[in-house]
Engineer: 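Below is one structure. I have some questions about it.
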Amino acid sequence: MKLTMLGTGNALVTECYNTCFVISDKDKHFMIDGGGGNAVLYQLKQAGLNWMDMRDIFVTHKHLDHILGAVWMVRMICQYMNQGSYEGEARIYGHEEVIDILRKMGMKLLPKKQSRFIDDRLHLIVVEDGDKAEIMGHEVTFFDIGSTKAKQFGFTFDMGSGEKLTCCGDEPYNEIEEKYARDSKWLLHEAFCLYGERDIFNPYEKHHSTVKDACELAETLNVENVILYHTEDKNIAKRKELYMAEGKEFYHGNLFVPDDLEVIEL
Ligand SMILES: [Zn+2]
């Protein structure tokens with residue numbers, strides 16, 4: 001299996017795309033979030049992925065930098081279904097608020113000839129805290145991260161052989177996620193900026209954490225590999241080097257600070 005980072009930045013970045021990614025198992029794909037717009041199509045193309053192969057999409061929460069790219073996916077899927085060039089079905093998962101927005105936007109923004117496929121061949125699926133779904137042959141469990149900003153879900157993905165990949169969304173780990181995050185083979189966690197630059201970027205007032213915080217957390221959760229994302233982009237050319245240097249002081253597993261379009265073997 002592999003993971004392709006389509007984007008790695010926070011909501012306001014201009015030097016990279018907003019955080020979203022694809023987990024792939026051979027020719028099957030699970031896309032998580034869409035970033036903030038039409039550039040999701042560009043990123044998929046640059047990554048060598050066909051947008052049409054994104055048959056299972058999960059949207060973590062309603063913030064613009066996550067949901068608007070999914071609106072473009074809804075449009076593309078419905079448009080190509082109408083043209084007769086999109087075979088089969090697609091599924092978008094999200095909690096009730098997310099699905100309600102996607103359905104309303106699809107119904108109001110797309111012409112009827114396209115929107116008619118919503119809830120017909122494009123399934124908008126509401127997930128509750130703890131719900132499971134089978135996605136590309138793997139069990140995925142969705143969970144509420146307990147956000148106080150906008151309701152947000154993360155997920156844990158059963159990789160087989162007792163191994164799991166857990167995504168905590170774009171907010172700091174909350175102890176209600178412990179049963180999912182602890183002992184994960186892979187943990188995806190946000191890191192807004194370096195701890196050393198916390199006074200410049202003020203991550204805590206935005207409900208975000210630093211590289212040090214995320215790495216200390218991963219150490220205590222007995223995680224084998226950590227992927228940091230949803231970062232600031234002011235020094236993106238050196239981001240990997242600087243974040244790796246800070247993170248390795250606090251975490252002794254395998255640390256990843258991917259750039260956009262980077263592919264990680266899981
Ligand atoms: Zn975000």
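All ligand and atom numbering here is 1-based and tracks the order in the structure. Heavy atoms only: backbone and side chains are in, while hydrogens, waters and symmetry mates are out. Start at 1 with the first residue, then count along the sequence.
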Engineer: Identify, with sequence neighbours excluded, every residue that meets ring pair (Phe, Tyr, Trp, His ring centres under 6.0 Å) alongside His61.
Structural biologist: His63, His66
Engineer: Sub-3.5 Å donor-acceptor pair from the side chain of Thr19 to the main-chain atoms of Gly9, do we have one?
Structural biologist: yes
Engineer: Kindly write out the residues that satisfy salt bridge (charged side-chain N to carboxylate O under 4.0 Å, His left out) with Glu246, not counting sequence neighbours, or none if the list is empty.
Structural biologist: none
Engineer: Mind listing the protein N/O/S atoms less than 2.8 Å away from the Zn ion (ligand 1)? Waters don't count.
Structural biologist: Asp65 OD2, His66 NE2, Asp170 OD2, His230 NE2
Engineer: Would you indicate whether Glu87, at its atom CD, is surrounded by more than 12 heavy atoms from other residues, nucleotides or ligands within a distance under 6.0 Å?
Structural biologist: no
Engineer: So, using side chain to side chain donor-acceptor pair (under 3.5 Å) as the criterion, who are the partners of Lys112 when residues are at least two apart?
Structural biologist: none
Engineer: Could you walk me through whether Ser209 and His189 pass side-chain contact (heavy atoms from CB on, under 4.5 Å), step by step?
Structural biologist: CA-CA 9 Å; Ser209 51; His189 194 281; 3.4 Å; yes
